[in-house]
K.L.:
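I have a structure I would like to understand better, so I am pasting it below and will then ask my questions one at a time.
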Amino acid sequence: MNRRAQWLALGLALVTGLIGAALTGYPENRVGLHTRSGTAWLASAGTGRLTLVDGVSGEPAAQVPVGRPDDGPLEVIRLAGASYAVRPTSGTVTRVDAATQRAGATVTPLGRTGSLRILPTDHQLYAVDTESGLVGRLDSHDLHAVNPAGKLVQAAAPDAVATDRAGRLWLLDQRSGELVWTREGHRGARPAAATAGHTLLHPAGAGVALLDRARGVAELLSRDGGVERSVRPQVGPQDAVTATGSPDSERLLLANSSRQSFQLCDLRAAQCAAPLPLTGTDLGAPVELREHVLVPDYASGRVWIIDLRSMRVLAERQLFDGPRRFELVVSNGIVFYNDPLGDQAGVLSLDGEVRQIAKYDRSAGALPVPDTTREPAPDPGRPDGQVMGPVPGPGSAPGRQPGSAGDADKLSIQLRPGDRGPAGMEFTLAATGAGSAEVRWDFADGGTATGHEVRHSWAAIGSFVVTARSGSATAQRTVTIEPAGKPEITRIERSIARPVFGQLVTFTANIAGGNPDSWEWTVRRTGSGAAEAPHRGSTFQHRFPEAGGYTVSLTVTVGGAKAESAEQFTVAQGRVNEWGPWSKDDQLPEVARSGVVQAAAGAGHLLLRKSDGSVVGLGKDAWGKDVPAALIPLEARHDAIDIAAAPGFSLVVRSDGRLFAWGENGKGQVNIPPGVDTDVQSVAVNQDYAMALKRDGSVHAWGGPYQTKATVPREAATGVIAIAAGTYFSMAVTSGGKVISWMAEDSAFPADFSGVTKVPEAATHDVVAVDTKHGAAFALTSGGSVIAWGDNEYGDLDIPEEIRRSRTIAIGMHGDNSNLALGADGVVRFWGRDSGQVKTVPERARTGVVAICNSSPQYISIT
């Protein structure tokens, strides 16, 4: 049997096997959702066709045309019984039937948009224009509109559009950060749910996961748009992150090009594994298969295969000989890789075996598999509705011989990504209208090539007239080569704005002008000529050995170009400063004079968290003995990340999430409820009442003078990022930046403090922290504004203009006396009723401040 007959037999067998195949509509990944028989439809934008590749034999089995080669990028989406060829930049979609392997009519569901997304559910398709926010539902068989397109958002964030198994469509408004979902025409919304421009949405198991890089949080969304679970992966606002959700579980797979790492987050368990280092600089979306994940690197054309159970790299394979934005497609347990702009594809096994497949014959211009289109699809680019017939194979066109001049009478050149670019960039050049005749290229720089689609890069600067010849036909295009763009370091960021010596500080940077080939960080102490040994990598972590001025420098290279930047800052001593009517600053022990990063005061004692994670307790009674609340249990003396102190008792949270409480217990304030002593991230206390915020965003409370004091409202039981405990009421901040305030139902003073539960509009978005003081409530926004409401008996609501302009980074409420505000400039300011003790703040306690603490009637700062 000859090769063509074998292909025909294989195509017939596949058609027979595909009829009646049971298919589901949940995406296996965003592109390449195909048949489930070990075959996959792979896109070839350069030829305007889909190729059906058999993953078992490693051979192409069929091809169908789905538009013209110059219609732009080509994606493939699958719903039960069919695949859909989508042209995002021209706004068209074509259905390819799985059983007959025929292409149907091509439609433009939302008009000629340049930003079309097609998203499948179990029974229909959603069409979304991310630029305009238009959304329409399509019949999955004939692509007719189920309902008229409507505008759901002002503009949808391109990477924040997803569907779930229940048939809901989820979108994030690119301008406002509003989360919107719809099903069967019913719309729901949650304002300011995430940070516009920094958020990704992906299906995960039966639900949808939201990743907000600006807030550093990943959330599993509930049906009503709330937050079921939340975790904090290692991502920053400027990190280049791609993500996908697991198809069968609520897990999020993160590839971070900025930090050169992969991280697995289990949203249901509310925990993230430690990041796994990878050396790629342009990582694509991870793809999961049978407890393995594959992470592509577009910068090098390679892929990593990772075992999720052991979190180790099993194999690293080079799929292409250079940079390539390739696809990874999973179909029925087989992994396909594909260059959607060229002819290269293949099959990749989980043990690293690579089998290359040519989707079509580039040099001969012929297609090595039969064209199975029986009813050609209309050409969407032709206004007269003419039908584009199948491209003939060798010797198949009637009345014309291969290689004759007639095959090239309409020769033209297509350039990708365009006709202009920097020196060294690779262009793809495709000749159309040549039929099966040979095409010869002259690049006007001494280089030549042969083939219907070729690649070339120019090293010199200038304009080059490219010539393509086929038979007697000639076509020309001008390519303009510009100087290669110089990289620019737009910003160096550090994880701690004002670090104390001994703290671990993480440095990252924003780079414009390309992905760096190399990074080099150096640290130099002010006044010292020698720099520490350089560190290479996109992320730099450092502990500064002593206080003083430092300069951190970064050098990056992209190609042959180099960029340099440096940042100077001061590392603090970490000294505790105390002032006020009963100040004992001159009696503070040596342990409080350096290395302190956080202080918590309980009126009769003081807790100090140091830069190495250790905790120290200070406090003596009238007889000179240590007060019980200052006697820290052995297990709570190390690896601390948060501390809290109230009159008579104390709390410590360790880095492993363990929570410890000790001291007076008259109201059950140290009786941590079962299950609340693990996976904790922060705590808050007031009098004999305690609160804990867990890593999953849930709030728990115990103790207090009222039975219902510890009752957390449902609205604050999930998706919370900050908490505050008041004398008579409590507060929480949701992941959307909204403040929730509540008090005990049987409080003895409901009328006196009811004003604090009436949260103003200004505190329903962009809030990052809260604090309380008797009958007043305070919120701190991400922009540094302080919002106050409730009782103004002590002047708490009269915030001075100086504080409003100072870009506040921390606030500290202070009993009946003045309140503290720490500005981004490191200066402490105060407002409210003046006790007479803050008019003259010691200079050592007023400037260069890294943290503040409320300790009525004393004031505390750390410098």
K.L.:
Under the criterion salt bridge (Lys or Arg N to Asp or Glu O under 4.0 Å), I'd like the reasoning laid out for R290 against D351: C-alpha separation, chi angles, the key distance, then a yes or no.
P.N.:
CA-CA 12 Å; R290 294 196 300 269; D351 60 5; over 6 Å; no
K.L.:
Taking atom OG of S140 and atom OH of Y84, what is their separation to the nearest 0.5 Å?
P.N.:
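So the OG of S140 and the OH of Y84 are separated by 4.5 Å.
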K.L.:
Hey, mind stepping through N510 and E493 against side chain to side chain contact (heavy atoms under 4.5 Å, CB included) and telling me if it holds?
P.N.:
CA-CA 8 Å; N510 293 340; E493 295 183 343; 4.0 Å; yes
K.L.:
Do the side chains of D339 and K359 get close enough for a salt bridge, i.e. N-O under 4.0 angstrom?
P.N.:
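No salt bridge links D339 with K359.
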K.L.:
Hey, could you give me the CD1/CG distance between I496 and L504, rounded to the nearest 0.5 Å?
P.N.:
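Between I496 CD1 and L504 CG, I get 7.5 Å after rounding to 0.5 Å.
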K.L.:
Listed by chain and number, what are the side chain to side chain contact (heavy atoms under 4.5 Å, CB included) partners of R268, not counting sequence neighbours?
P.N.:
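L220, E228, E250, D266.
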K.L.:
For residues V680 and I641, report the shortest heavy-atom separation together with the two atoms involved.
P.N.:
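Shortest heavy-atom separation between V680 and I641 comes out as O-CD1, 4.4 Å.
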K.L.:
Output yes when a side-chain donor or acceptor of Q263 lies under 3.5 Å from a complementary backbone atom of P233, and no otherwise.
P.N.:
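Looks like no, no N/O pair under 3.5 Å.
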K.L.:
In terms of relative ring orientation, are F320 and Y337 parallel, tilted or perpendicular, with 30° and 60° separating the classes?
P.N.:
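Taking Y337 first and then F320, their aromatic rings stand perpendicular (interplane angle over 60°).
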K.L.:
Do any N or O atoms from the side chain of S682 and from the backbone of L693 form a donor-acceptor pair under 3.5 angstrom?
P.N.:
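Flag not set: sc S682 to bb L693 has no pair under 3.5 Å.
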K.L.:
Who pairs with D129 by side-chain hydrogen bond (donor to acceptor under 3.5 Å, both in side chains), at least two apart in sequence or on another chain?
P.N.:
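For D129 the side-chain hydrogen bond (donor to acceptor under 3.5 Å, both in side chains) partners, ignoring immediate neighbours, are T113, S115, S132.
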K.L.:
Is there a side-chain contact between D282 and D297 (heavy atoms, below 4.5 Å)?
P.N.:
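Yes - at least one pair of side-chain heavy atoms lies under 4.5 Å apart.
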K.L.:
Kindly give the heavy-atom pair with the smallest separation between A732 and A716, and that separation in Å.
P.N.:
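Nearest heavy atoms, A732 then A716: CB-CB, 4.2 Å.
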K.L.:
Does any N or O in the side chain of R117 come within less than 3.5 Å of the main-chain N or O of T130, such that one atom is a donor and the other an acceptor?
P.N.:
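Answer holds: no.
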K.L.:
Which distance, rounded to the nearest 0.5 Å, do you find between the CG of L125 and the CD1 of I77?
P.N.:
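If I round to the nearest 0.5 Å, the distance is 9.0 Å.
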K.L.:
Which atom names give the shortest non-hydrogen contact between D173 and S176, and what distance separates them?
P.N.:
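For D173 versus S176, the nearest heavy atoms are OD1-N, 3.2 Å.
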K.L.:
Is there side-chain contact between V330 and L294, with at least one heavy-atom pair below 4.5 Å?
P.N.:
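A side-chain contact under 4.5 Å is absent here.
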K.L.:
Working to the nearest 0.5 Å, report the span between OG1 of T163 and CZ of R183.
P.N.:
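Answer for the OG1-CZ pair, T163 versus R183, is 12.0 Å.
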K.L.:
Search all heavy atoms of A285 against all heavy atoms of A243 and return the closest pair with its distance.
P.N.:
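Minimum heavy-atom separation between A285 and A243: CB-O, 4.3 Å.
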K.L.:
Please answer whether the main-chain N or O of T121 pairs with a side-chain N or O of Y126 as donor and acceptor at a distance below 3.5 Å.
P.N.:
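Absent.
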K.L.:
Just to verify, what does H765 make a ring-ring contact (aromatic ring centres under 6.0 Å, His included) with, not counting sequence neighbours?
P.N.:
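Scan of H765 (ring-ring contact (aromatic ring centres under 6.0 Å, His included), adjacent residues dropped) gives none.
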K.L.:
Given side chains that start at C-beta, do those of S735 and E219 come closer than 4.5 Å, heavy atoms only?
P.N.:
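They are in side-chain contact.
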K.L.:
Go through it in stages, so that I can follow the logic: the residues are L314 and L350, the test is side chain to side chain contact (heavy atoms under 4.5 Å, CB included), and I'd like the CA-CA distance, side-chain angles, deciding distance and then a yes or no.
P.N.:
CA-CA 8 Å; L314 298 180; L350 293 180; over 6 Å; no
K.L.:
Under 4.0 Å between a side-chain nitrogen and a carboxylate oxygen: does that hold for K694 and D696?
P.N.:
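Between D696 and K694 there is no salt bridge, as every charged N stays at least 4.0 Å from the carboxylate O atoms.
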K.L.:
Can we say D54 and R355 salt-bridge, meaning some charged N sits less than 4.0 Å from an Asp/Glu carboxylate O?
P.N.:
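No, D54 and R355 are not salt-bridged.
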K.L.:
Residues two or more places apart in sequence or in another chain: which of them pass side-chain hydrogen bond (donor to acceptor under 3.5 Å, both in side chains) with E291?
P.N.:
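With sequence neighbours excluded, E291 shows a side-chain hydrogen bond (donor to acceptor under 3.5 Å, both in side chains) to R251, given in chain and number order.
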K.L.:
Evaluate side chain to side chain contact (heavy atoms under 4.5 Å, CB included) for V505 paired with H542, printing each intermediate quantity in order.
P.N.:
CA-CA 5 Å; V505 185; H542 190 71; 5.6 Å; no
K.L.:
How many angstroms lie between atom CG of L211 and atom CG of L252, to the nearest 0.5 angstrom?
P.N.:
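The distance works out to 6.0 Å.
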K.L.:
Could you pull out all residues at least two apart from R190 that satisfy side-chain hydrogen bond (donor to acceptor under 3.5 Å, both in side chains)?
P.N.:
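For R190, no residue satisfies side-chain hydrogen bond (donor to acceptor under 3.5 Å, both in side chains) once neighbours in sequence are set aside.
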K.L.:
Step through the shown structure and confirm whether more than 12 heavy atoms of other residues, nucleotides or ligands are within 6.0 Å of CZ on R187.
P.N.:
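Atom CZ in R187 is packed in, count exceeds 12.
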K.L.:
With distance as the sole test, does R259 use its side chain to make a donor-acceptor pair with the main-chain N or O of T508 at under 3.5 Å?
P.N.:
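Pair absent, no side-chain N/O of R259 close to backbone of T508.
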K.L.:
Mind listing the closest non-hydrogen atom pair of P277 and P275 along with its distance?
P.N.:
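Closest approach of P277 to P275: CD-O, 3.7 Å.
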K.L.:
Has the side chain of S230 got a donor or acceptor atom that lies under 3.5 Å from a matching backbone atom of G719?
P.N.:
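Absent.
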K.L.:
Can you check whether L253 reaches S246 side chain to side chain, under 4.5 Å on heavy atoms?
P.N.:
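L253 reaches S246 side chain to side chain.
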K.L.:
Main chain of I511, side chain of Q238: is a donor-acceptor contact present, judged purely on distance under 3.5 Å?
P.N.:
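Looks like no, no N/O pair under 3.5 Å.
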K.L.:
Going through the distances and angles, do V76 and L42 end up as a side chain to side chain contact (heavy atoms under 4.5 Å, CB included)?
P.N.:
CA-CA 7 Å; V76 184; L42 303 182; over 6 Å; no
K.L.:
Check whether any side-chain heavy atom of H198 lies under 4.5 Å from a side-chain heavy atom of D212, and answer yes or no.
P.N.:
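H198 reaches D212 side chain to side chain.
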K.L.:
Testing the basics here: between Q681 and D642, what is the closest heavy-atom pair and its distance to 0.1 Å?
P.N.:
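So the minimum-distance heavy-atom pair works out to O-CB, 4.2 Å.
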K.L.:
Scan E316, R302, Q260 and name whichever one has a side-chain hydrogen bond (donor to acceptor under 3.5 Å, both in side chains) with T279.
P.N.:
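Only match with T279 under side-chain hydrogen bond (donor to acceptor under 3.5 Å, both in side chains): R302.
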K.L.:
Using 30° and 60° as the class limits, which term best fits the ring planes of Y298 and F326: parallel, tilted or perpendicular?
P.N.:
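Judged by the thresholds at 30° and 60°, the geometry between Y298 and F326 is perpendicular.
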K.L.:
Could you pull out all residues at least two apart from W181 that satisfy ring-ring contact (aromatic ring centres under 6.0 Å, His included)?
P.N.:
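With neighbours one apart ignored, the set is W170.
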K.L.:
Is any side-chain heavy atom of R232 closer than 4.5 Å to a side-chain heavy atom of I721?
P.N.:
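Yes, their side chains come closer than 4.5 Å.
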K.L.:
Atom CZ of R223 and atom CZ of R168: how far apart are they, to the nearest 0.5 Å?
P.N.:
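Output value for this atom pair is 5.5 Å.
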K.L.:
For the residue pair E288 and T244, establish whether any side-chain heavy-atom pair is separated by less than 4.5 Å.
P.N.:
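Of all side-chain heavy-atom pairs linking T244 with E288, none is under 4.5 Å.
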K.L.:
With a 4.5 Å cut-off on side-chain heavy atoms, are D656 and D639 touching?
P.N.:
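No; the side chains remain at least 4.5 Å from each other.
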K.L.:
So for atom CZ, which belongs to R309, do other residues, nucleotides or ligands contribute more than 12 heavy atoms lying within a distance under 6.0 Å?
P.N.:
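For R309, atom CZ is crowded (more than 12 foreign heavy atoms under 6.0 Å).
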